Structure formats: C-alpha cells, structure tokens
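Written out below as structure tokens is the structure these notes cover.
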Amino acid sequence: MDLIPPVRLTLAHVPTPLEPLTRLPALGGAEVWIKRDDLTGVALSGNKVRKLEFLAADALERGADTLITCGAVTSNHARATAVVAARLGLHSHLLLRGEDERPRRGNLLLDTLLGSSLEFITSEQWQARDALMATAAERLAAEGRRGYVIPEGGSNHLGAMGYAIGVAELLEQEQELGLRISRIVHAVGSGGTTAGIALGLAAAGREEVDVVGVAVCDDAAYFNDAVARIADSTVAAGYVPSPIRRRTRWRILEGFKGEGYGIASPDGIELIQEVARHEGVFLDPVYTGKAFAGMLAELGNSAPSGGATVFLHTGGIFGLFSFADQLSV
Ligand SMILES: Cc1ncc(COP(=O)(O)O)c(C=O)c1O
C-alpha cells in the first residue's frame, strides 16, 4: 500500500549525506550514523524545508502572495519559511514569540535580511497564535492580498508528508550502504517530523525501526497527542491509507529539555563542543544538542538489539550564534 502525496515543490538539496560517527568517545563504539539534514541547503538548512515543499506548493495553488507563520524569536522554521517565500517571489509575515533585540542575531538577523515583516508577541499571546495568524491573514485580505497560514513548525497534514516521503531516501541509503537501521533519533519541537518518519517507515513496512523523538519542550504526553493528531490528519486528507497509519510507532523521550525550551545547560554546551571537536559537526543548543544527549542515553540504556542508530540532524545551525556568550569558552 502506497502513500498518495499531494503536490510538492523541489526546494531541498537532497539526498542529504548519511555518514558514520566514529570519533566521539561518548559513542562507546556503538554503530551510529548521522543523516545530514542540516545540509538541505545553506539558507534552507534543516528539516523544515522538507515540510515546506508541500506547504508552499499548496500556498501557490491557492494563489497566496504571503506566507504567514509563527515561532520563537530564534525559530528555524520561521527563517526557512521566509527563505522559501523569497525564493518564490512571495512576502512573509512572521509572528515571533519573544523580544526584539539589537543587534539582531541568528535566525532573527536572517529574517530581517530576507525582508520579512515581523510581529513580536508575548508568551501570553502565543497561546492564541492560531487566532493571531488568522487575524494577520484577514488584515492582508482587507488590502486585497492573500495570506497562507502555516501552523507552528509546519506541522500539519501537509508538513508531515515531508518526512513521510523523505524516509524513503534514508532507506535507499541504508540499502546502498548495506546497513540495518534499528533506531532513528531526532529532536521534537512540534511533532511533524516524528509523525512523518513514523508514517514513512510504516508505508515501507519498516515499523520495527524504533523512532525516538527527544522532546525539547513540553512532555511525552503532549507530544504523543500532537504526533497522533498530525498522523491522523494525513489520513483525513487522503495522503495516507489508514492501514499504514494504524501501523505507525514512535516513542517520545523526556528528560533532555533541561530547564526549558531554548535554555542551554553547561553539559549541553560541552556536548556541542565535543561533537564539533571530534566529528566536525555543529549541533545547536535548542534542538539537536538536546536530541543528541537523548541519543547517547538511549545507546547506554537500551538492550543492544543490533543494527545501526541514525541520528537525524535537523539543522538549527543559525541558533548557535544566539548562544555566542555561552559557547565562547
Ligand atoms: C533544528 C530543528 N530540529 C528539530 C525541530 C523539530 O521538528 P518538529 O517541529 O517537526 O517536531 C525543529 C523545529 O521545531 C528545528 O528547528
């Protein structure tokens, strides 16, 4: 049984490499590969572009002239959306949770460079983010323009198809390299990546692969719910046959968000340094650094079932520059 994907643009540089990690002492000799989705592009670095290929295609079909989305002030998703808008000749309007800063750094600097219109919102307003984005679309409509609202993280029925389809790329590499993937570990921020990976594996008859999403905010109950809802929405949209959905499996790993979303711990900073120094790979303090810590714990805790662990590097490189103070040691 196959997936029935919707229309899609080609924006990501794929296939991204699948490379072995061999030098980091903390791996303890385990077989670990890294799927370099931080290399989906320079401006578009990260997991979000795989989702945006479907979301932006839908926006164009609907005649939109502006992409509207939301995220933290340091959001990779917001920056990737702004890049896609620029590439397609559209405007972007970003609702960003947090305060403006001068000079602007990291993703916020890039949003500025891309000419996005920015609306800074408080944590209280964030609770009403969907309504606020709808209001932004209404404002545009009153000017005779057409906004297209992309939910937080690009995680809906369309966005989830990014990894539902993207997993096939990884499975092809598995075959070419003669591996047997038994586990895929990645960061979870809104759930669309997890839902997509689980759906893609089930579609390929590979639901035995342990899909481990490391929560970088909220908790397992929240994300189990979110991932299930997103996966269900792909069935309702007609992209995923329900027998595939019924076979999806994933796990959410808690205990690695530290003090909270976007807060880096000294241990987290040290791990980012270690990975850079031994493997020449940059992780970020908000997502991939925490997910990598989760993966190391999984390597140590779980009974060895054999096979390869894949760490999905979901990007976040520009986030590093917002943590210059902590990283400058
Ligand atoms: C670098 C990075 N990794 C992982 C994620 C999490 O992906 P998702 O929102 O699909 O759970 C995000 C976005 O939230 C991200 O920017």
Side-chain angles (χ1 to χ4, degrees), residues 16 34-41 44-55 69-83 94 96-97 106-108 110-111 126 129 150-164 166-167 184-200 211-220 222-231 233-234 250-253 256-257 261-262 264 272 281-295 311-323:
T16 57
I34 185 164
K35 176 67 173 159
R36 299 294 305 271
D37 272 12
D38 54 325
L39 301 179
T40 47
L44 279 169
S45 167
N47 57 338
K48 299 302 180 181
V49 59
R50 291 192 190 261
K51 302 176 178 192
L52 286 163
E53 288 189 344
F54 291 98
L55 290 157
T69 198
C70 64
V73 101
T74 53
S75 169
N76 299 297
H77 164 68
R79 178 258 311 156
T81 301
V83 172
L94 309 177
L96 300 178
R97 184 187 70 237
N107 284 309
L108 182 59
L110 300 180
D111 299 338
W126 177 255
R129 55 197 175 276
I150 297 176
E152 175 192 2
S155 288
N156 64 4
H157 55 294
L158 287 158
M161 295 312 290
Y163 278 93
V167 158
I184 301 175
V185 185
H186 61 284
V188 184
S190 64
T193 301
T194 313
I197 293 171
L199 290 166
V211 177
V212 185
V214 183
V216 302
C217 51
D218 299 293
D219 58 20
Y222 174 86
F223 280 121
N224 277 322
D225 214 54
V227 174
R229 243 183 306 108
I230 296 162
S233 72
T234 63
W250 68 84
R251 280 193 296 134
I252 302 294
L253 197 59
F256 296 91
K257 72 176 177 189
Y261 176 81
I272 289 170
V281 168
F282 297 130
L283 302 177
D284 78 291
V286 183
Y287 294 96
T288 55
K290 291 179 177 179
F292 201 92
M295 182 195 67
F311 179 73
L312 174 64
H313 192 322
T314 46
I317 176 79
F318 303 116
L320 267 182
F321 300 97
S322 299
F323 289 83

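This chain uses plain numbering: 1 for the first residue, then up along the sequence. No hydrogens, no waters, no symmetry mates; every other heavy atom, side chains included, goes into these values. Everything quoted here is computed from the prediction, not taken from an experiment. Just follow the structure's listing: the first ligand is 1, and inside any ligand the first atom is 1.
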| Close side-chain approach of L110 and F321, heavy atoms under 4.5 Å |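 No, every pair of side-chain atoms sits at 4.5 Å or beyond.
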| Looking only at side chains, do T81 and K48 share a donor and an acceptor under 3.5 Å apart? |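 Note: T81 and K48 side chains miss the donor-acceptor criterion.
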| message | For A195 versus I230, what's the shortest heavy-atom pair and its separation? | response |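 Nearest heavy atoms, A195 then I230: CB-CG2, 3.9 Å.
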| field | Atom of F54, atom of L158 and distance for their closest heavy-atom approach | value |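 Heavy-atom minimum between the residues: CB-O, 3.5 Å.
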| Considering only heavy atoms, which protein residues lie less than 4.0 Å from any atom of ligand 1? |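 Correct list: N47, K48, K51, N76, S155, A187, V188, G189, S190, G191, G192, T193, Y287, T314, G315, G316.
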| request: Determine the sole option in T193, D38, T40, D37 for which the side chain to side chain donor-acceptor pair (under 3.5 Å) test with N47 is passed. | output: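 Going through the options one by one, the only one that passes is T193.
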| said: Just checking Y261: does its OH atom have more than 12 heavy atoms from other residues, nucleotides or ligands closer to it than 6.0 angstrom? | reply: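 Enclosed: over 12 neighbouring heavy atoms sit under 6.0 Å from OH of Y261.
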